[in-house]
Asker: 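Below you'll find the structure I mean.
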Amino acid sequence: MGKQHDRRSQSAATVPIALTIAGSDSSAGAGIQADLKTLSALGVYGLTAVTCIVAEIPGKVSRLEPANTGIVREQIEVLVRNFPIGAMKTGLLCSTAIISAVAEAIGKTYRTRGRRIPLVIDPVMIATSGDRLLEPAAIDAYRDQLFPFATLITPNLDEAGLLLETKIKTRKAMEEAAEALANQYCASILLKGGHLQGDDAIDLLFHKGKLRTFSAPFARGVATHGTGCTYSAAITAGLASGLSLEHAVQRAKKFVTQSIARHFKWKSKTGKIVEALRHSI
Ligand code: PXL
């Protein structure tokens with residue numbers, strides 16, 4: 001009996017479930033592919049609702065095609081009706097129409113289930129390569145339709161700057177921005193500082209009226225495509241597993257830092273060295 005029984009009872013054990021609502025990145029470093037690898041590495045069963053398909057290689061987006069809003073809504077609704085989802089996240093939503101469809105599906109879910117599922121919103125607007133991923137008018141749809149459902153919003157400095165219509169250039173400005181966003185949207189805010197502060201990648205969490213700092217040595221010279229997706233997926237994994245928000249962010253920061261440090265590397269067909277995150281613990 002021994003081993004076989006152990007294996008069977010292990011597979012029958014309940015597993016936390018999380019849903020990612022995001023775009024497909026053909027190069028698999030970001031988007032729904034990064035989310036699934038992250039959820040899997042952290043012991044969470046990942047469900048997906050695809051919002052758009054992006055043809056890209058690291059550093060260059062060549063085409064983005066949105067999914068139709070009916071199929072975006074349907075994916076979310078069938079999943080929420082049938083799986084005990086512990087937490088969910090949104091990534092690239094790319095247009096006003098898709099943000100509205102996602103907000104509608106999530107709103108409907110809350111009305112029928114009678115309780116909220118913790119929601120992490122990564123307001124993806126611009127790719128690491130600098131390519132614009134969200135139509136400019138869609139920022140209002142985020143503000144008015146989706147943010148009201150958020151547990152946590154995870155902007156980087158550029159995204160927070162676009163939301164607040166300002167430039168964030170100092171640590172003090174970061175603190176003010178995190179608090180302002182939390183007050184405006186009645187959600188917790190994780191403001192990702194990237195390389196603003198010298199040698200450390202510093203993030204600020206504004207949660208329940210308190211500011212907390214998470215920092216890690218900044219990895220210089222490593223391609224970081226997909227870190228935002230990985231970070232928010234790792235936080236979502238933590239919430240689905242029953243961690244507090246602070247603990248989920250702390251573990252996720254460590255996970256992203258390790259995924260960067262242990263990155264994969266290969267030579268592309270043009271001879272350029274390509275790097276990609278290794279999603280592992
Ligand atoms: O890293 C942002 C991002 C998110 N989602 C998808 C992407 C990208 C960046 O390229 O392709 C699908």
Side-chain angles (χ1 to χ4, degrees), residues 18-39 46-69 71-72 75-76 88-99 101-102 119-136 138-139 142 146 152-163 190-195 201 203 219 222-237 252-253 255-257 259-260 263-264 268 272 274-279:
L19 164 63
T20 166
I21 303 165
S24 166
D25 163 8
S26 57
S27 68
I32 220 149
Q33 289 84 354
D35 293 346
L36 275 185
K37 291 182 221 179
T38 301
L39 293 171
L47 302 170
T48 59
V50 178
T51 58
C52 59
I53 301 172
V54 186
E56 65 183 296
I57 55 170
K60 186 71 205 140
V61 170
S62 81
R63 181 163 163 180
L64 186 157
E65 197 148 313
N68 95 31
T69 53
I71 192 67
V72 172
Q75 290 172 89
I76 299 169
M88 54 191 178
K89 68 156 273 188
T90 62
L92 178 55
L93 301 181
C94 75
S95 70
T96 302
I98 291 180
I99 294 172
V102 169
L119 171 65
V120 177
I121 298 181
D122 180 10
V124 180
M125 297 178 190
I126 302 163
T128 310
S129 58
D131 292 293
R132 183 135 206 155
L133 294 170
L134 183 77
E135 46 175 55
I139 293 181
Y142 258 123
L146 201 56
L152 175 71
I153 309 171
T154 65
N156 60 28
L157 293 179
D158 291 334
E159 291 155 354
L162 286 168
L163 288 167
L190 179 67
L191 180 54
K192 299 171 292 186
H195 53 272
D203 307 325
V222 182
T224 52
H225 170 74
T227 50
C229 305
T230 300
Y231 202 173
S232 56
I235 297 168
T236 308
K253 176 79 173 169
F255 183 82
V256 177
T257 305
S259 299
I260 298 169
H263 62 273
F264 293 116
S268 81
K272 205 178 121 197
V274 177
E275 291 164 332
L277 298 177
R278 185 197 303 257
H279 300 85

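Each ligand, and each atom within it, is numbered from 1 in the order the structure gives.
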Asker: How about R278 and H263: do any of their side-chain heavy atoms sit closer than 4.5 Å?
Answerer: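 Answer no - side chains too far apart.
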
Asker: Taking K192 for the side chain and T154 for the main chain, is one N or O donor matched with an acceptor at less than 3.5 Å?
Answerer: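 Yes, K192 side chain to T154 backbone: donor-acceptor pair under 3.5 Å.
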
Asker: Can any side-chain N or O of T51 pair as donor or acceptor with the backbone N or O of L92 at less than 3.5 Å?
Answerer: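 Yes, the answer is positive, given that a donor and an acceptor are paired below the 3.5 Å cut-off.
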
Asker: Quick one: nearest non-hydrogen protein atom to atom 1 (O) of ligand 1, plus distance?
Answerer: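 Nearest neighbour among protein heavy atoms for atom 1 (O) of ligand 1, to 0.1 Å: A30 CB, 3.7 Å.
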
Asker: Among all the protein's non-hydrogen atoms, which is closest to atom 11 (O) of ligand 1, and how far away is it?
Answerer: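 The closest heavy atom on the protein side is E56 OE2, 2.2 Å.
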
Asker: Select one of side chain, backbone, both or neither to describe which atoms of C229 lie under 4.0 Å from any atom of ligand 1, heavy atoms only.
Answerer: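 Side chain only.
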
Asker: For ligand 1, which atoms sit closer than 4.0 Å to a heavy atom of S24?
Answerer: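 Per the distance check, 12 (C).
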
Asker: Considering only heavy atoms from C-beta outward, does the side chain of L93 approach that of V102 to under 4.5 Å?
Answerer: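 L93 vs V102: side chains touch.
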
Asker: Checking D122 side chain against G91 main chain: does a donor-acceptor pair fall under 3.5 Å?
Answerer: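 No, the answer is negative, given that no donor and acceptor are paired below the 3.5 Å cut-off.
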
Asker: When you measure from the side chain of D25 to the backbone of G31, do you find a donor-acceptor pair of N or O atoms at a distance under 3.5 Å?
Answerer: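 Between the backbone of G31 and the side chain of D25 there is no qualifying donor-acceptor contact (under 3.5 Å).
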
Asker: Can you list the ligand 1 atoms lying under 4.0 Å from a non-hydrogen atom of G23?
Answerer: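 With G23 as reference, the close atoms of ligand 1 come out as 12 (C).
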
Asker: What's the shortest distance from atom 2 (C) of ligand 1 to any protein heavy atom, and which residue and atom give it?
Answerer: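 In this structure, atom 2 (C) of ligand 1 has V124 CG1, 3.8 Å as its nearest protein heavy atom.
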
Asker: Would you mind listing which atoms of ligand 1 come within a distance below 4.0 Å of any non-hydrogen atom of H225?
Answerer: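 Ligand 1 atoms under the 4.0 Å threshold to H225: 9 (C), 10 (O).
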
